[in-house]
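One structure is given here, and the rest of the page talks about it.
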4 protein chains.
Amino acid sequence: MAIDKSVKTKKILDAAVIEIAHRGYYNTTVSQIARRAGVADGTIYLYYKNKESILVSVFERAMDRFISEGVLKLKNGKEPAEQIAEVVALHLKLVGEDHDLAVILQVELRHSIHFLDMFSRSRLREYFEVLADIVTKGQKSGAFRKELDPLLSAKLIFGVLDQVATDWILADSNSKLSSRVDEISEFLIAGLK
Amino acid sequence: MAIDKSVKTKKILDAAVIEIAHRGYYNTTVSQIARRAGVADGTIYLYYKNKESILVSVFERAMDRFISEGVLKLKNGKEPAEQIAEVVALHLKLVGEDHDLAVILQVELRHSIHFLDMFSRSRLREYFEVLADIVTKGQKSGAFRKELDPLLSAKLIFGVLDQVATDWILADSNSKLSSRVDEISEFLIAGLK
Amino acid sequence: MAIDKSVKTKKILDAAVIEIAHRGYYNTTVSQIARRAGVADGTIYLYYKNKESILVSVFERAMDRFISEGVLKLKNGKEPAEQIAEVVALHLKLVGEDHDLAVILQVELRHSIHFLDMFSRSRLREYFEVLADIVTKGQKSGAFRKELDPLLSAKLIFGVLDQVATDWILADSNSKLSSRVDEISEFLIAGLK
Amino acid sequence: MAIDKSVKTKKILDAAVIEIAHRGYYNTTVSQIARRAGVADGTIYLYYKNKESILVSVFERAMDRFISEGVLKLKNGKEPAEQIAEVVALHLKLVGEDHDLAVILQVELRHSIHFLDMFSRSRLREYFEVLADIVTKGQKSGAFRKELDPLLSAKLIFGVLDQVATDWILADSNSKLSSRVDEISEFLIAGLK
DNA sequence: CATGAATGAGGGTTCATTCAT
DNA sequence: AATGAATGAACCCTCATTCAT
């Protein structure tokens with residue numbers, strides 16, 4: 001039962017990611033999600049309160065995958081500069097692996113975060129804090145300049161990664177998102193030093 | 001007559017910017033725009049073909065103000081590093097001056113650019129090119145590293161500015177966007193050197 | 001002044017005939033009529049109370065041209081059978097000469113006569129009476145059977161002519177409407193004998 | 001389920017016939033049809049693509065009833081002249097039985113056939129062909145004159161029947177449409193001989 | 001007389017959500 | 001639990017008509 005429930009929930013969420021990534025939230029109908037999920041329209045409402053709550057769950061899961069599956073790997077003892085490079089590689093790898101997920105994060109999340117009641121904004125903050133911690137460590141070890149506010153730095157780093165990811169999505173390019181990792185890392189590390 | 005026309009057009013556009021910035025395009029009705037503009041619903045359609053074309057015009061005007069009023073000032077002979085600092089200041093000033101305009105640019109434009117037929121994307125490219133030119137000049141003068149691709153650099157710079165602007169918007173803060181100009185400029189210039 | 005008035009009235013009516021014949025009354029806008037007439041939208045309302053009254057006038061004039069210009073020629077002393085042939089020729093000639101007028105009469109008039117307040121139905125009755133008179137004369141002279149009700153006969157004759165005209169219109173054919181005159185006359189005269 | 005579907009479809013169609021016959025297609029709103037059918041506005045669109053497709057279905061069903069239920073009876077071995085009389089009786093009986101259906105056929109169909117994309121025109125042609133066949137047979141058996149083109153004759157016959165039907169409708173008369181059958185048959189048969 | 005910008009009621013259509021089965 | 005037919009509010013847009021100039 002509990003398993004059934006989560007299986008169906010996942011099926012619906014998977015369907016929603018695809019539809020929303022392709023058409024945008026407002027151009028996606030509940031029926032379309034239901035059809036792709038292979039369930040009836042009404043069934044959606046057994047698992048989600050309404051259309052908006054599907055979107056919230058989509059974001060939640062996307063952020064989860066992004067943060068937990070990825071960033072936690074950073075909790076090791078490497079050099080700050082090296083860790084920056086790792087974050088860059090990881091961020092772009094995750095975004096690059098799943099185009100639909102990337103669209104959701106770069107396009108829909110940013111859009112919704114402003115108009116819908118702010119849920120997952122806190123998850124973003126988690127991410128920022130991880131980045132800020134790296135900067136702080138780097139400043140303590142003398143590797144990075146001390147004048148920069150760590151949280152601001154975190155946001156700047158994120159801005160760069162986000163822009164690269166968005167650019168990749170908007171370009172429709174099936175090009176190599178990973179090929180730029182080194183260049184970008186250097187830029188960021190130089191900026192921090 | 002011709003004046004009347006452009007006056008009315010502007011009134012409608014101004015109303016649209018406010019409504020769309022507050023509610024998002026899909027949650028804004030033509031009636032709301034009309035009401036705020038002080039005209040009847042039908043009047044809207046004397047000046048715009050349909051709802052979407054209002055959005056397009058909103059973007060167009062926003063980009064125009066942004067690019068023409070601003071970036072052209074850069075065509076002077078200053079040092080590249082100084083120009084970077086100027087761009088940062090200018091970008092954040094323009095965004096900071098008009099919160100609604102900023103929302104449109106950071107939130108709606110990004111959203112629409114992906115799902116609607118890509119019009120004003122070319123305007124963005126213009127902006128990138130201005131930034132890329134500065135980088136190129138800096139590389140020639142030896143001020144900046146030569147390994148970085150100028151266009152990529154332009155995008156990284158934009159990403160940083162964009163993120164800071166978005167952060168400011170999402171924070172709802174009526175805080176000082178300008179206070180961070182120096183920190184950010186330093187970061188970018190260091191990254192380019 | 002009076003001349004100006006009737007000139008403008010005619011211009012509007014001419015425009016209305018063309019537009020309505022091409023698109024149908026309900027798909028024709030007052031603006032389209034005005035544009036074709038070369039006047040402003042508002043001007044229409046100086047000459048006609050509303051859109052419907054334009055249609056009424058269109059019908060009125062169409063019937064006028066049809067009856068007066070045509071049928072009155074029949075008031076001569078020919079043989080009834082010969083007169084039938086003349087009516088057939090005349091009816092089809094008038095319809096065939098002006099396709100737009102024909103569409104109005106065959107398609108729009110018939111449609112409107114049922115739903116709008118019945119104006120010009122009386123003009124149609126005039127026409128029927130002319131036809132009925134011919135039949136009556138024929139019966140008196142012994143040329144036609146006496147069992148047939150003259151008014152019914154008139155309508156049967158009209159039905160035949162109307163169908164041929166409609167068929168010609170619906171066929172879009174720029175074919176020869178006149179080529180069938182003899183065949184049709186024979187059929188009608190035989191039917192009456 | 002399948003039964004439900006066709007039941008509902010029929011209910012909507014019945015409602016549409018009544019409303020359209022009374023007001024005309026363009027003066028009938030989807031809401032009115034829905035109200036008379038006893039369903040919500042949106043329900044209409046579960047069964048019909050749009051308003052126009054309702055009209056098409058109305059025509060289709062009207063023609064069907066007219067042709068299949070009726071004309072096929074003619075495929076027997078009677079005398080041509082007798083068959084003509086049968087067609088006249090049948091045509092007027094069908095029209096006379098259902099005033100709304102008659103209005104649709106005589107008024108709306110003729111109107112739409114000219115302005116909408118011509119669908120059911122082919123059904124009319126079927127009907128003409130049945131009539132033409134009778135004439136052809138009559139010509140072969142020597143009962144009818146050979147000079148007349150059978151298809152033209154068919155149209156003339158139809159024109160007569162159509163006019164009588166239209167006249168009956170426009171007269172609003174709840175009078176006897178059937179009383180004229182003999183007179184009309186005679187006229188037609190005489191015309192063909 | 002003439003204009004044409006402005007009006008706003010009204011229509012067709014969509015779609016999130018419900019509920020009887 | 002699951003279905004999907006039904007609902008009806010809400011939206012975009014059109015166009016006959018008016019009226020200030």
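Quick caveat: nothing in here was measured; it's all calculated off a predicted structure. Just so it is clear: chains get the letters A, B, ... in the order the sequence lines come, proteins before strands, and each one is counted from 1.
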- Dot-bracket summary - DNA chain F, pairs being Watson-Crick or G-U whose distances fall under 3.5 Å, with | when paired to another strand: .||||||||||||||||||||
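In this entry the distance linking CD1 of C:I12 with P of E:dA2 reads 9 Å, nearest Å. The distance between atom CD of D:E19 and atom P of E:dG11, rounded to the nearest whole Å, is 12 Å. Remark: P of E:dC1 and NZ of C:K11 are 13 Å apart, rounded to the nearest angstrom. Rounded to a whole Å, the OH atom of C:Y26 is 20 Å from the P atom of F:dT14. Distance, D:Y48 OH to E:dG12 P: 16 Å, rounded to whole Å. Atom C1' of nucleotide F:dC11 and atom CG of B:N27 are separated by 12 Å, given to the nearest angstrom. The CD1 atom of D:I54 sits 12 Å away from the C1' atom of E:dT13 (whole-angstrom rounding). Regarding B:Y25, its OH atom lies at a distance of 14 Å from the P atom of F:dC11, rounded to whole Å.
Using modelled atom types, one side-chain atom of D:S53 and one backbone atom of D:K49 make a donor-acceptor pair closer than 3.5 Å. Not a single donor-acceptor pair under 3.5 Å links the side chain of B:Q106 to the backbone N or O of B:V103. At distances below 3.5 Å, at least one donor-acceptor pair connects side-chain atoms of A:Y25 with backbone N or O atoms of A:E52.
A side-chain donor from one of A:Y26 and B:N27 sits under 3.5 Å from a side-chain acceptor of the other. With 3.5 Å as the limit, one finds no donor-acceptor pair spanning the side chains of C:T28 and C:E19.
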Side-chain donor-acceptor contacts of residues 9-17 of chain B below 3.5 Å, not counting sequence neighbours, with atom names and distances?
residue	atom	partner	partner atom	Å
B:T9	OG1	B:K5	O	2.7
B:K10	NZ	B:D14	OD2	2.7
B:D14	OD1	B:R61	NH1	3.1
B:D14	OD1	B:R61	NH2	2.9

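Looking at residues two or more places apart in sequence or on another chain, you find no salt bridge (charged side-chain N to carboxylate O under 4.0 Å, His left out) involving C:E108. Residues forming a side chain to side chain donor-acceptor pair (under 3.5 Å) with D:S31 (at least two apart in sequence, or on another chain): D:D41.
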Could I get a table of every N or O pair under 3.5 Å where one atom is in the protein and the other is in nucleotides 3-6 of chain E?
residue	atom	partner	partner atom	Å
E:dT3	OP2	C:A40	N	3.2
E:dT3	OP2	C:T43	OG1	2.4
E:dG4	N7	C:G42	N	3.1
E:dA6	OP1	B:K8	NZ	2.1
E:dA6	OP2	B:Y47	OH	2.2

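Seen from the ring of C:Y45, C:K51 does not count as a face-on cation partner, given the 6.0 Å and 45° thresholds.
Atom CG of A:L109 and atom NE2 of B:H111 lie 11.0 Å apart (nearest 0.5 Å).
Residue D:A21 comes nearest to D:I104 through the heavy atom pair N-CD1, 4.0 Å, listed as atom of the first residue, atom of the second, then distance.
Residues D:Y45 and A:N50 both approach DNA chain E. Their nearest nucleotides, taken by heavy-atom distance, put D:Y45 toward the 5′ side.
For DNA chain F, the neighbouring residues in residues 28-36 of chain C, judged by any heavy atom under 4.0 Å, are C:T28, C:T29, C:V30.
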